[in-house]
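To start, the structure itself, in structure tokens.
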2 protein chains.
Amino acid sequence: MGKGKWVTMKDVADFANVGTITVSRVLRTPDKVSETKRKRVQEAIKELGYVPDNTAGALSSSKSRVFGAIVSTVNDSVFAQTLDGLSSTLRMAGYELLLTSTNYDPDVEEDALLALLARRPDGIVLTSTTHTSAVTKLLKSVRIPVVEIWQLPSAPLDIAVGFSNFQAGYDMARHLIDEGRKNIAFLGVGGAQDERGRRRRDGYINALSDVGKEPIMWPDCEQSSLYGIELGVAFIERCFITDPMIDAVMCVSDQVALGVLCEARRCGVKVPEDLAISGFGGFELAKPSGIDLTTIAVPGKEIGIATAKALLDPETARDKKVIDLGFTLIKRGTT
Amino acid sequence: MGKGKWVTMKDVADFANVGTITVSRVLRTPDKVSETKRKRVQEAIKELGYVPDNTAGALSSSKSRVFGAIVSTVNDSVFAQTLDGLSSTLRMAGYELLLTSTNYDPDVEEDALLALLARRPDGIVLTSTTHTSAVTKLLKSVRIPVVEIWQLPSAPLDIAVGFSNFQAGYDMARHLIDEGRKNIAFLGVGGAQDERGRRRRDGYINALSDVGKEPIMWPDCEQSSLYGIELGVAFIERCFITDPMIDAVMCVSDQVALGVLCEARRCGVKVPEDLAISGFGGFELAKPSGIDLTTIAVPGKEIGIATAKALLDPETARDKKVIDLGFTLIKRGTT
DNA sequence: TCAGTTTTTGGTATCGATACCATTCTTGAT
DNA sequence: ATCAAGAATGGTATCGATACCAAAAACTGA
């Protein structure tokens with residue numbers, strides 16, 4: 001313990017009395033080495049506590065065995081599931097994940113991408129599909145798989161894995177309309193950064209216009225600093241109370257919907273009689289809990305797994321280019 | 001765009017008509033290069049779209065500018081805050097974060113650590129403090145800072161940043177006792193994997209024994225596959241109903257507490273009159289929302305930032321060894 | 001037993017940057 | 001004008017692995 005330097009492959013080779021390349025082969029292609037030497041090398045590795053140096057390996061083989069991910073936030077439970085699925089699938093294949101979050105800032109994305117490329121990853125995952133021109137140029141010039149996830153761009157840079165946020169918004173609005181709701185509001189326009197949320201809102205607007213209705217969006221400007229549950233609470237206080245014609249609210253996320261639901265109950269607003277509420281994200285609570293929110297379940301983990309597969313085998317994935325994993329509208333008690 | 005290979009430092013040097021080392025210096029120590037050449041090099045970099053290769057740099061300088069993190073799960077909002085603080089602070093200093101999650105499995109931890117060390121990180125972050133002997137040996141032999149976070153081990157391997165889970169459990173139990181509760185249950189023993197939860201439970205047991213009370217723990221065995229909100233719901237159905245002496249429940253997490261709260265309301269159990277409920281994690285909802293859970297707020301983001309600082313300047317951090325960032329008991333309406 | 005294969009093994013160059021040392025160029029003081 | 005001290009610059013070795021090719025060993029069938 002506490003040796004000054006790392007044990008190198010040469011040390012192992014000398015100890016086992018073989019050439020360095022044999023040690024390399026024991027690690028990468030064991031069946032190409034005779035059993036005697038293989039065992040001797042494996043013992044030497046154990047004995048000396050050798051840990052291979054991947055930075056050196058990456059340099060000579062130009063394969064880093066690392067994938068880079070640039071996500072808008074890790075602070076989201078459904079996103080976290082994707083990361084879980086992604087990183088565990090990759091690790092099983094002997095790859096690691098270099099993670100960066102941008103907090104929805106495109107300039108940070110550019111910096112992050114440069115930092116990532118400096119590590120010569122074998123592939124890149126992005127949760128955003130709107131990039132600065134520099135980013136687009138870089139991504140196009142790079143000879144590695146680029147996977148955009150959680151949405152389906154019309155013109156993917158390379159490969160896309162996700163589902164249609166537009167369709168999700170459309171379907172949910174349609175569901176509310178079918179339930180006989182007359183004045184359906186959309187809550188959560190504020191998130192100018194969140195392009196997935198905007199797509200869902202666009203779906204909502206389209207569905208309404210298909211039946212000749214006008215959208216009601218709140219907060220009406222993007223100045224609002226409210227988000228999550230607090231935004232939901234504020235909606236009841238500041239919007240629903242002043243505009244009692246509203247009989248349904250479609251929330252940008254489950255968090256927001258939860259805020260609306262709790263505050264509605266506290267204020268004696270009957271759900272779903274007076275106000276129908278829908279969320280997004282696949283809130284895990286169901287009927288028995290008393291919080292049975294109608295929502296859209298998203299295959300978060302599956303996206304992660306499919307992304308990992310696409311990274312590991314880009315050729316196959318490129319045949320499809322856009323991999324749509326769909327979503328599920330879960331009708332529960334709040335609508 | 002679409003060039004076969006990466007642009008190398010040599011290419012930039014030739015283009016700018018300088019030596020490679022000058023290019024290197026422009027990137028790392030710009031003030032040691034004359035202004036004329038510096039500008040020429042910077043233009044060449046831009047012109048050619050040069051992205052430095054850090055794997056090569058890491059090899060020759062033995063500084064990878066990458067830190068590795070092994071977390072039990074990313075699927076936890078408070079953890080996510082730590083990761084956010086950690087990775088953004090590190091990136092500002094020009095470092096990246098290599099993230100691995102173990103899903104609470106110590107064997108995975110060992111694999112993950114080996115994979116991480118193969119990338120020769122400049123430091124390591126761990127959320128667990130119970131390791132296999134192989135892991136402990138490896139971590140001790142490594143000459144880089146090792147930071148254990150989210151708890152305070154009595155004998156840290158190197159540096160620890162966090163707060164006392166034991167104390168948090170103790171204080172919350174004490175709070176319930178002070179509120180006059182007679183039969184306080186602890187909900188969430190099942191998480192054998194979650195050592196932080198176990199510490200809090202130990203604090204609870206201690207607080208009760210200090211006043212001569214017996215602990216009530218549910219589920220009583222670890223066979224339960226329930227977790228999160230569902231566990232909270234199950235508690236009311238299966239435990240509280242059968243043992244009506246219980247007048248308080250201290251939950252291992254806010255999620256669980258939320259489940260208890262919702263189900264209690266649905267079943268007509270009065271909170272806090274019939275049942276006091278406490279959570280853990282710093283649930284962001286407060287009084288106006290109707291869900292005003294008494295909880296313990298944890299400085300998640302601060303832990304991330306402090307960890308980053310410790311990694312970047314281990315010498316200073318080692319003076320303290322254990323950095324206690326504390327926690328805050330937030331008394332709200334459920335107790 | 002031997003030529004012809006196939007498998008196993010090792011030597012050497014190489015990946016792209018930085019470290020170290022040597023050299024050249026400034027600059028200021030005498 | 002000359003020299004010393006310091007700044008700027010470049011050449012070459014090096015980091016630790018893998019690629020590529022050549023050599024040695026083992027195996028095949030006649």
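On a predicted model such as this, the values are computed, not experimentally measured, just so you know. Just so it is clear: chains get the letters A, B, ... in the order the sequence lines come, proteins before strands, and each one is counted from 1. For the numbers below, each heavy atom of this structure counts, side chains included, while hydrogens, waters and symmetry mates do not.
- Electrostatic pairing of A:Arg318 and A:Glu315 counts as a salt bridge here, judged by a charged N lying under 4.0 Å from a carboxylate O.
- The number of heavy atoms from other shown groups lying within 6.0 Å of NZ (A:Lys321) is above 12.
- With salt bridges taken as basic N to acidic carboxylate O contacts below 4.0 Å, none links A:Lys309 and A:Asp313.
- Looking at A:Asp122, its side chain never comes within 3.5 Å of a backbone N or O of A:Phe67 through a donor-acceptor pair.
- Comparing B:Thr20 and A:Lys10 by the nucleotide of DNA chain D whose heavy atom lies nearest to each, the residue mapping closer to the 5' end is B:Thr20.
- The heavy-atom pair separating A:Leu97 from B:Leu98 by the smallest distance is O-CD1, 3.3 Å.
- Using a 4.5 Å heavy-atom threshold, the side chains of B:Thr132 and B:Glu109 count as separate.
- With respect to A:Lys39 and A:Glu43, no salt bridge is recorded, no charged nitrogen being found less than 4.0 Å from a carboxylate O.
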Extract from the structure each pairing of a protein N or O with an N or O of nucleotides 20-23 of chain D at less than 3.5 Å, listing the distance.
none

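- Here D:dA17 is the nucleotide among D:dG10, D:dA17, C:dT18 with the atom lying nearest to any side-chain atom of A:Asp53.
- Considering only the side chain of B:Val18, D:dG10 comes nearest among D:dG10, D:dG16, C:dA19.
- In this structure, the CE atom of A:Met9 is 14 Å from the C1' atom of D:dC15, given to the nearest Å.
- Between A:Asp84 and A:Lys301 no salt bridge is recorded (no basic side-chain N to carboxylate O distance below 4.0 Å).
- Of the residues in residues 27-43 of chain B, those lying under 4.0 Å from DNA chain C by heavy-atom distance are B:Arg28.
- Nucleic acid contact class of B:Ser62 (heavy atoms, under 4.0 Å, all strands): none.
- One interatomic measurement links the two molecules: CG of B:Leu117 to P of D:dA17, which rounds to 13 Å at whole-angstrom precision.
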